[in-house]
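Data block below; observations after.
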Amino acid sequence: MTGRPWFWLSVWAVMLAGLTAGLWAWTAEPVAVLSLGGAALMTAIIAAYLALRPRPAAGETGEEVRVSPDSSYSALIVGVALANLVMGFEFGPWLVLASAALLLVGLGGYLNERRSARRASLRVELGAGQGPDPRQRGRSRA
Amino acid sequence: MGLVAGTDHKRVALRVAVTAFAFFVVAGLMAVVMRTELAAPGLQVVSERAYNQLFSMHGSAMVYLFVTPMAIALGLYLVPLQIGASDIAAPRAALLGFWLFLGGGLIMFSGFLTQTGAGSAGWTAYAPLSDSTYTPGSGMDMWVFGVGLSTLGELLLAACVLATVVRRRAPGMTMLRIPVFSWTMVVTCLMVVTAFPALLVTMALLYVERTFGGIFGGPDGPITYQHLFWFYGHPVVYVMFFPFVGAVAEVVAVFSRKRFFGYRALVLTLLAFTALSMAVWAHHMFTTGQVTNQYYALTSTALIVPAGIEYFDLIATMVGGSILLRTPMLFAIGFILQFLIGGVTGVFTGSPPLDYHAHDTYFVVAHMHYVLFAGSVFGFFAGVYYWFPKVTGALLREGLGKIHFLLMVVGTNLTFLPMHFLGLDGMARRIADYPEATGWGDLNLLESVGAYILAVSIAVFLVNVVISLRRREPAGIDPWGGHTLEWATTSPPPRHNFDFLPPVRSYAPVFDLRHGAPGGESEATVGEPAPRASGA
């Protein structure tokens, strides 16, 4: 159990919850209690997700083919679009609209990249008579 | 094209690190100008308005654009290597994080191009000082956007590192076999994920306040702002600290030729330390009279316990070791000694009666710089000298490294030590000048000389990097006798990080290969293929 991430996240969530309880006992400042309590809750939710998500059944290897992208123009475009989008609040709606359009292009590119990656991993799986390339083979663990 | 869109975690991390270092150099030059202004009473090197912009942008760049992203960049590069992963989780998100960070930084600095100049409300931008009445103009808006974007980028980068630890560990790499540095990154990323959203909310609200008003204008508004800001603002100090503690811990163990002492105790104290550090933020607000001083003083003082255990572990690792005083170890020892001053003065400022005296004085400036510069930046350079051979395949020059270290020790203590005395004597922070009658001139002159020495020390480091990259001394796979998995692959590592993974039976798998695992198993050599063990 101590070898798994959810355990340690739970420990941290319990510590934060204890500190929140202590704070609540001292003060009723809503912003303070909600901030710290929110952090505890968020950590507990992530820990619960990790603990409860399905794991490979006994006998299964849990290995999955994972194709790592070498480059991603969509991430670059989304980053530039978001930066320009917020600047648009200062420089006018024309920049907001142009950036929103660029953001859509970036998100479209992202979906396209995902589809290509899925196709590539399918190709690896189908041609996996001799086993997949170890460089593209990962193991999902938690 | 890989330069702008490549998703390899090592390239993304290097981009973040180089960009952050560039911001560090710019922010450092700002500090030199400020120290010139303060070198003697009555000087007018820059106007008061320009001085306000300089100290605001210096602090902002150092916190939002240098130490925080640099800490995360170290994790982005090293955590996948240390846990035996072939890549980072969500590489596109990491790349997006870099572009947001860069965009945010450029937007923040673009404030200098506006008519009103850059943000000038300090790195904290307290309301109502930062509202449109007291800090009008686009420059402050740019600051708000810049902080928001760069923080969002850093949040994405940290989430990727955390997800990598959760999802991509090598066979056998259980949580209690994760190397010390990677554990410090785990707790760092936990703090980023839980505390940084508060700053995003704060910046969004501040923009609304500046544009429409009605958010922080009421009687409780400034306190609400400070709560929201410091809920981010104190944990970020630890975000800027723990990765460098991790780097120092790795360096201390490797250059003492011993396993790290007290690994399990360290893991527990890291969790306790970070949890406590999430609950101390309002000690920055003692003097407002609007917070529960007892609670925050208690939690702040309790931090001494895990900090003490970490110090004990670091020193105990050295005790009985065969210590090699190479440049990384010198910086690590510098970190341990100098951070102690920052830590102890933190106990003072965490105590309400003392804080009422020292609040908003140069004592606080001294404390902060002993933590972040004398501590974190020394830890950073320990890490740079230690991992540079792994990243580039070339060793940094030892002689220049030692000159760099000596200049930095002298410069750091000359610059920041006198600030304690000036602060206790009543010199307020963020002032552009002071009357001659105060008698603060001599100590201020010493500080300014120290700042110039620091600038020279950074120049020596840059010269060292250029020389070492142009006339390379090949580092080989493992020039130091490292303990962790990054030293089992080539320097620099290939795109997929590892051709072969050694068996993982402890938090120091490469050390195990040389000296045998704690249980006396395995005497394989680095590079020998290991059986793919099933997961733990």
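As the structure is a computational prediction, the values presented were derived from the model and not from experiment.
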Filtered by a 4.5 Å non-hydrogen cutoff, the part of residues 108-115 of chain A contacting chain B is A:Y110, A:E113, A:R114

Under 4.5 Å heavy-atom distance to chain A, tell me which part of [X] shows up: side chain, backbone, both or neither.
| X | result |
| --- | --- |
| B:A272 | both |
| B:T211 | neither |
| B:V144 | neither |
| B:V291 | both |

Greatest number of non-hydrogen atom pairs under 4.5 angstrom with chain A, of B:L106, B:I178, B:L95, falls to B:L95

Answer key: most heavy-atom pairs under 4.5 Å with chain A among B:L268, B:L100, B:I223 is B:L100

- Task: For the pair B:Y207 and B:F145, name the ring-plane relationship: parallel under 30°, tilted 30 to 60°, perpendicular over 60°.
- Result: tilted

Only residue of B:K10, B:R495, B:R168 satisfying salt bridge (Lys or Arg N to Asp or Glu O under 4.0 Å) with B:D87 is B:R495

Value for OG1 (A:T27) from CD (B:Q294), rounded to nearest 0.5 Å, stands at 10.0 Å

Residue pair [X] / [Y], side-chain donor-acceptor N/O under 3.5 Å:
| X | Y | value |
| --- | --- | --- |
| B:Q226 | B:H284 | no |
| B:H283 | B:W230 | no |
| B:Y232 | B:W281 | no |

Bottom line for A:A117: the part with an atom under 4.5 Å from chain B's heavy atoms is side chain

With a 4.5 Å cut-off on side-chain heavy atoms, are A:L9 and B:L190 touching?
yes

